[in-house]
Amino acid sequence: TNDKSGERVEFITVGRLDAWRGFDLVIESFARVAKESRNMHLTIVGKGADKERLKGIVNKLGLQELVTFAGKVAMDEYYRLLAAADGFLWKILDAYGQIDTIICPSHFLKSKLDTQSRFRSKTVMIHNFTEKYPLKHLDKEGYVLEFGHLSRDKGTYTLLKAAKELPEVSFIFAGFGEAVTAISELPNCQYVGFHSGSALLELIAKAAVTVCPSEIYENCPYAVLESQ
């Protein structure tokens, strides 16, 4: 993103706002860059005792409209901001221009990348794959299973809402993530920790159904392949 494209250049800095951490230097450096163009913005993420002094520097330099103090943000917003900054850096470094071939594990991902002319001639599709492991006969135990990364973007909280409406159904969650605490709050939901290998396969085999409730784009996830 730059002035030629008409898009605003976004800067981000993250940390505890203490005097010795040098956020004043960041603001002063940004002010020099902002003299070249007002089509840019600085977001300062974090909280600390030096916040008011830093705000005073921003006001003195006339940057009130160009600098935002975001304070402490939720982790999903924190990751979103970092991803935006990361994407900007990769773009100006032309990192993707150095790639010869992009291997896509699904037709879906290939179709998304092929919408951009710079990727279209570089994509090839090779599915994710997994080995089949023979299991002795296991009786179904009737529970609903989600395993893997247990988080908001993976849809775990939405599945918990469904579980709350179905108190007669048992739900088991295996893996890791931010939703572990919320899982323990429902009487018909059980968190069993991280499983792999034969222990995971047995957990899958005994389930009535495996659910992949993801609310983001998925890319031929192993949770689906391992559940077949």
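Model, not experiment: these values are computed from the prediction. Excluded from the calculations below are hydrogen atoms, water molecules and symmetry mates; all remaining heavy atoms, backbone and side chain alike, are included.
- In this pair, Tyr217 and Phe108 present their aromatic rings perpendicular. The plane angle is above 60°, beyond the 30 to 60° band.
- Between the side chain of Asn128 and the backbone N or O of Cys220 there is at least one donor-acceptor pair closer than 3.5 Å.
- Within 6.0 Å of the CD atom in Glu65, the count of heavy atoms belonging to other residues, nucleotides or ligands does not exceed 12.
- A donor-acceptor contact shorter than 3.5 Å is absent between the side chain of Lys154 and the backbone of Glu215.
- Between the CD atom of Glu168 and the CG atom of Leu166 there is a distance of 5.0 Å, given to the nearest 0.5 Å.
- Considering NZ of Lys112 and SG of Cys104, their distance stands at 13.0 Å, rounded to 0.5 Å.
- Between Trp90 and Tyr96, the ring-plane angle classifies as tilted under the 30° and 60° cut-offs.
- What you find for Phe171 and Val169 is that their closest heavy atoms are CD1-O, 3.4 Å.
- Counting non-hydrogen atoms of other residues, nucleotides and ligands closer than 6.0 Å to OH of Tyr79 gives a total of 12 or fewer.
- Looking at Phe173, Phe176, Phe194 one by one, the single match for ring-ring contact (aromatic ring centres under 6.0 Å, His included) with His149 turns out to be Phe176.
- Of the residues listed (Val26, Ile44, Ile27, Asn59), the one engaging Leu54 in a side chain to side chain contact (heavy atoms under 4.5 Å, CB included) is Ile27, and it is the only one.
- Between the side chains of Ser151 and Asp153, at least one donor N or O sits under 3.5 Å from an acceptor N or O.
- Contact detail for Asp50 and Ala19: the closest heavy-atom pair is OD2-CA, 3.4 Å.
- Of all non-hydrogen atoms in Arg21 and Arg16, the two that sit nearest each other are CD-O, 2.7 Å.
- Listed for the Lys140 side chain is a donor-acceptor partner under 3.5 Å among the backbone atoms of Ala205.
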